[in-house]
Amino acid sequence: MSQKVLLVLHQATSDPGRVGEAIRTRGFELDMRIPAIGQPLPKTMDDHAAAVIFGGPMSANDDHEEFIREETKLIDILLKSETPYLGICLGAQIMARALGARVSEHEKGLREVGYYRLTPTEDGSTLFEKPMMAYQWHREGFDVPAGATLLACGEFFPNQAFQVGKNAYGIQFHPEVTEAMNRRWVTKASHMLSDPGAQSRETQLEGRRIYDTEMRNWLDNFLDHWLPPLAQRQAAFGS
């Protein structure tokens, strides 16, 4: 049984944050790759137990970018092999578009930058037990692909989480963001804080103080469902 989890990042300074830390503490090795700077993606998932594609400032619609095309091909490999997959923000949008759904900006130009309420659907009540405030940073959203199941809805962008098959999930929000990452984002991308719908630096950091424990608990519960600890998986398979 493979001990590696593929983490696809989009900038040389990108950080898998809390998601990477949680996967590592579950006994897995992190195989981090950045195709945007020329690092190749695997051709099969035979050597990996799961994969995560994180967010980034680019768009899933950037077909002129070779790395977007390569990540789209990876989605096809993941789904066909039924490898557990988690797409976060851009990673969710790439999966949605790979399955024929639209990825676009809000019709009124609104952004979600900060904490916004998610409401579970009936189908999503197992993974989202109740409404919660989740950290967001995006200008585009996704339509739900045909055959996928909508798990959670939002205020500005109605589609916030969906499932494809047994093992593939796309989420619009950012459970990986640590406080250090949060402070770095609001500094390096401060120009986005004046966009319509975006929250100020102060509002975001206050929201973090109030809502981050809930966000962290959600991630732990999700990972228990999606990627149980390696030792537990090995015991189940008699390894």
Side-chain angles (χ1 to χ4, degrees), residues 4-26 28-42 48 50-75 78 85-95 97 103 105 111-116 134-142 169-195 198-205 207-209 211-212 215-216 219 223 227:
K4 293 193 296 185
V5 173
L6 176 67
L7 305 185
V8 180
L9 304 165
H10 291 100
Q11 298 179 94
T13 57
S14 294
D15 187 338
R18 186 179 287 157
V19 167
E21 179 183 348
I23 290 174
R24 185 185 289 114
T25 61
R26 282 165 165 74
F28 295 93
E29 175 188 346
L30 304 184
D31 179 7
M32 294 188 284
R33 307 198 190 189
I34 309 173
I37 63 173
Q39 295 177 354
L41 293 173
H48 294 84
V52 183
I53 297 181
F54 289 83
M58 55 289 294
S59 171
N61 295 314
D62 289 343
D63 292 329
H64 60 282
E65 298 283 6
E66 182 179 358
F67 71 90
I68 292 291
R69 298 196 299 271
E70 290 302 312
E71 291 180 35
T72 302
K73 293 177 184 177
L74 178 64
I75 295 291
L78 290 163
Y85 171 66
L86 173 61
I88 297 174
C89 197
L90 177 61
Q93 295 166 3
I94 291 174
M95 177 164 67
R97 193 159 185 264
V103 172
E105 294 194 13
R111 310 287 195 250
E112 285 183 326
V113 178
Y115 283 89
Y116 301 83
Y135 189 67
Q136 311 262 11
W137 195 297
H138 63 99
R139 71 181 190 277
E140 293 184 314
F142 50 75
Y169 294 88
I171 59 174
Q172 187 63 77
F173 53 99
H174 287 277
E176 81 278 18
V177 174
T178 63
E179 182 172 357
M181 292 169 67
N182 200 166
R183 291 181 179 275
R184 188 164 65 247
W185 289 14
V186 297
T187 299
K188 290 190 173 182
S190 59
H191 60 284
M192 292 185 64
L193 304 186
S194 59
D195 288 348
Q199 296 173 4
S200 69
R201 178 183 188 276
E202 293 73 22
T203 299
Q204 290 186 46
L205 295 178
R208 182 171 194 86
R209 184 185 68 80
Y211 305 121
D212 187 58
M215 185 84 275
R216 185 172 61 247
L219 177 61
L223 291 177
L227 192 67

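Any value given below was found using the heavy atoms of this structure, including those in side chains, with hydrogens, waters and symmetry copies removed. Positions are given from 1, in the same order as the sequence printed here.
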Asp63 meets the side chain to side chain contact (heavy atoms under 4.5 Å, CB included) criterion, sequence neighbours left out, with Arg97
d(Leu90 CG, Asp62 CG) to nearest 0.5 Å is 8.5 Å
- Task: For Ser190 and Arg201, run side chain to side chain contact (heavy atoms under 4.5 Å, CB included): C-alpha distance rounded to whole Å, both residues' side-chain angles, the deciding distance at 0.1 Å, then the answer.
- Result: CA-CA 8 Å; Ser190 59; Arg201 178 183 188 276; over 6 Å; no
The reported gap from CZ in Arg208 to OG1 in Thr203 (rounded to nearest 0.5 angstrom) is 15.0 Å
Contacts satisfying salt bridge (charged side-chain N to carboxylate O under 4.0 Å, His left out) that involve residues 10-25 (not counting sequence neighbours) are Arg18-Asp212
- Task: Starting from the C-alpha separation in whole Å, work towards a yes-or-no answer on side chain to side chain contact (heavy atoms under 4.5 Å, CB included) for Glu140 and Asn61.
- Result: CA-CA 10 Å; Glu140 293 184 314; Asn61 295 314; 3.6 Å; yes
Item to check | Donor-acceptor under 3.5 Å (His10 side chain, Phe54 main chain) | outcome: yes
Applying side chain to side chain donor-acceptor pair (under 3.5 Å) to His174 and not counting sequence neighbours gives Glu176
Across all chains, not counting sequence neighbours, the side chain to side chain contact (heavy atoms under 4.5 Å, CB included) partners of Lys4 are Ser2, Glu29, Asp31, Asp47, His48
Nearest heavy-atom approach of Leu7 to Gly20 is CD1-CA, 4.3 Å
Here the pair of heavy atoms bringing Ala92 nearest to Phe142 is CB-CE2, 3.9 Å
Closest heavy-atom pair, Ile88 versus Pro175, reported as atoms and distance to 0.1 Å, is CG2-CD, 4.5 Å
Checklist entry - After noting the C-alpha distance and the side-chain angles of Val103 and Ile94, does the key distance pass the side chain to side chain contact (heavy atoms under 4.5 Å, CB included) rule? => result CA-CA 8 Å; Val103 172; Ile94 291 174; over 6 Å; no
- Message: When you compare the side chain of Pro16 with that of Met32, does any pair of heavy atoms fall below 4.5 Å?
- Response: yes
One should read off an interatomic distance between Glu70 CD and Thr72 OG1, to the nearest 0.5 angstrom, of 9.0 Å
Please tell me if the side chains of Arg33 and Leu6 come closer than 4.5 Å, counting only heavy atoms from C-beta onward.
-> yes
Taken to the nearest 0.5 Å, the spacing of Ile68 CD1 from Gln93 CD works out to 9.5 Å
dist Phe173:CZ -> Glu112:CD (nearest 0.5 Å) comes out at 11.5 Å
Heavy atoms of Ser194 and His191 approach each other most closely as OG-O, 3.2 Å
I want to check something: taking the side chain as every heavy atom from C-beta on, are Ile53 and Leu74 in contact at a cut-off of under 4.5 Å? yes
Rounded to the nearest 0.5 Å, the CD1 atom of Ile171 sits from the CE atom of Met95 at a distance of 10.0 Å
Result block: side-chain N/O donor-acceptor pairs under 3.5 angstrom for residues 179-188, not counting sequence neighbours:
{"from": "Glu179", "atom 1": "OE2", "to": "Arg183", "atom 2": "NE", "distance (Å)": "3.1"}
{"from": "Glu179", "atom 1": "OE2", "to": "Arg183", "atom 2": "NH2", "distance (Å)": "3.1"}
{"from": "Asn182", "atom 1": "ND2", "to": "Tyr135", "atom 2": "OH", "distance (Å)": "3.0"}
{"from": "Thr187", "atom 1": "OG1", "to": "Arg183", "atom 2": "O", "distance (Å)": "2.9"}

**Asked** Do Glu65 and Ser59 have side-chain heavy atoms sitting under 4.5 Å apart?
**Response** no
Indicate yes or no: at least one non-hydrogen side-chain atom of Gln11 is less than 4.5 angstrom from one of Ile34. no
Exercise for the section: Spell out, as yes or no, whether a donor-acceptor pair under 3.5 Å connects the side chain of Gln199 to the backbone of Tyr115. Expected result: yes
Does a sphere of radius 6.0 Å around CD in Gln39 hold more than 12 heavy atoms from other residues, nucleotides or ligands, not counting ones at 6.0 Å or beyond?
yes
- Do Pro35 and Val8 touch side chain to side chain, with heavy atoms closer than 4.5 Å? yes
Item to complete: Go through the steps for Gln204 and Trp137 under the test side chain to side chain contact (heavy atoms under 4.5 Å, CB included), then give the verdict.
Response: CA-CA 11 Å; Gln204 290 186 46; Trp137 195 297; 3.8 Å; yes
Nearest heavy-atom approach of Ile37 to Ala12 is CD1-CB, 4.4 Å
Contacts of Arg111 meeting side chain to side chain contact (heavy atoms under 4.5 Å, CB included) (sequence neighbours excluded), chain-then-number -> Glu105, Val113, Arg139, Asp195
